[in-house]
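These notes concern the structure reproduced below.
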Amino acid sequence: QVQLVESGGGLVQSGGSLRLSCAASGNIFSIKTMGWYRQAPGRQREMVATITSDETSHYVDSVKGRFTISRDSAKNTVYLRMNSLKPEDTAVYYCTARIEVLAPDIPMTSDYWGQGTQVTVSS
């Protein structure tokens with residue numbers, strides 16, 4: 001079993017900052033990619049930021065220059081520092097990870113998702 005647990009969401013004013021954290025645990029052999037998605041009411045879930053095992057990062061255009069993704073491989077943890085938050089950033093933020101799990105006979109790589117953490121930015 002693999003579990004992803006997010007934390008750090010909350011209510012902030014426009015222009016404020018938050019840092020989200022996500023820790024993966026379980027029968028993990030390796031983590032290829034970790035990232036953050038978000039979903040606002042009535043909208044499709046969208047990719048916000050991802051980071052690979054060699055720490056190559058990618059961001060959706062709307063958050064470039066404001067958000068920073070990082071990871072601590074020793075702790076199987078990914079972070080998302082969000083600065084200059086806007087009301088448009090309001091959403092449930094989900095942590096995701098592409099993980100090769102420990103298996104007795106064959107490798108098994110799957111995508112895992114956290115339960116989500118609410119970020120609300122007031123205007």
Side-chain angles (χ1 to χ4, degrees):
Q1 295 182 340
V2 173
Q3 181 178 213
L4 272 57
V5 179
E6 303 110 326
S7 62
L11 173 64
V12 298
Q13 292 184 331
S14 180
S17 298
L18 287 172
R19 190 186 73 155
L20 307 183
S21 300
C22 173
S25 61
N27 297 327
I28 298 170
F29 179 76
S30 65
I31 301 179
K32 297 179 65 178
T33 304
M34 302 187 80
W36 294 92
Y37 284 65
R38 66 187 180 187
Q39 188 166 22
R43 299 197 62 178
Q44 189 63 262
R45 186 175 297 187
E46 69 172 350
M47 187 277 294
V48 178
T50 60
I51 186 166
T52 63
S53 59
D54 64 355
E55 301 192 1
T56 300
S57 60
H58 178 73
Y59 302 89
V60 66
D61 286 345
S62 61
V63 309
K64 288 181 178 177
R66 300 189 297 120
F67 292 10
T68 302
I69 189 169
S70 61
R71 65 189 293 173
D72 184 336
S73 59
K75 297 193 292 186
N76 291 331
T77 300
V78 64
Y79 307 92
L80 186 67
R81 165 58 70 178
M82 304 183 293
N83 294 327
S84 302
L85 282 162
K86 305 175 181 179
E88 308 93 272
D89 297 317
T90 295
V92 177
Y93 284 70
Y94 296 91
C95 175
T96 187
R98 180 161 291 175
I99 297 174
E100 183 178 359
V101 300
L102 293 172
D105 298 317
I106 59 173
M108 179 68 71
T109 301
S110 301
D111 293 336
Y112 296 88
W113 293 87
Q115 66 182 20
T117 184
Q118 177 71 47
V119 172
T120 302
V121 185
S122 61
S123 60

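- Taken to the nearest 0.5 Å, the CD1 atom of Ile28 stands 8.5 Å off from the CG atom of Leu102.
- A donor-acceptor pair under 3.5 Å is absent between the side-chain atoms of Gln115 and the main chain of Glu6, judged by distance alone.
- Other residues, nucleotides and ligands contribute over 12 non-hydrogen atoms within 6.0 Å of the CZ atom of Arg66.
- Atom OG1 of Thr109 and atom CD1 of Ile31 lie 11.5 Å apart (nearest 0.5 Å).
- Rounded to the nearest 0.5 Å, atoms NE2 (His58) and OG1 (Thr33) are 12.0 Å apart.
- Here CZ of Arg45 is found 13.0 Å from CZ of Arg38. Values are rounded to the nearest 0.5 Å.
- Within 6.0 Å of CE on Met108 lie no more than 12 heavy atoms contributed by other residues, nucleotides or ligands.
- Between Lys86 and Asp89 there is no salt bridge, since no side-chain N of the basic residue sits under 4.0 Å from a carboxylate O of the acidic one.
- Interatomic distance, CH2 of Trp36 versus CG of Leu20, reported as 4.5 Å (0.5 Å rounding).
- The aromatic rings of Tyr37 and Trp113 stand perpendicular to each other, their planes meeting at an angle above 60°, with 30° marking the opposite boundary.
- Looking at residues two or more places apart in sequence or on another chain, you find a side chain to side chain contact (heavy atoms under 4.5 Å, CB included) between Ser25 and Gln3.
- Test Leu80, Thr117, Val78 against Cys95 for side chain to side chain contact (heavy atoms under 4.5 Å, CB included) and you get one pass: Val78.
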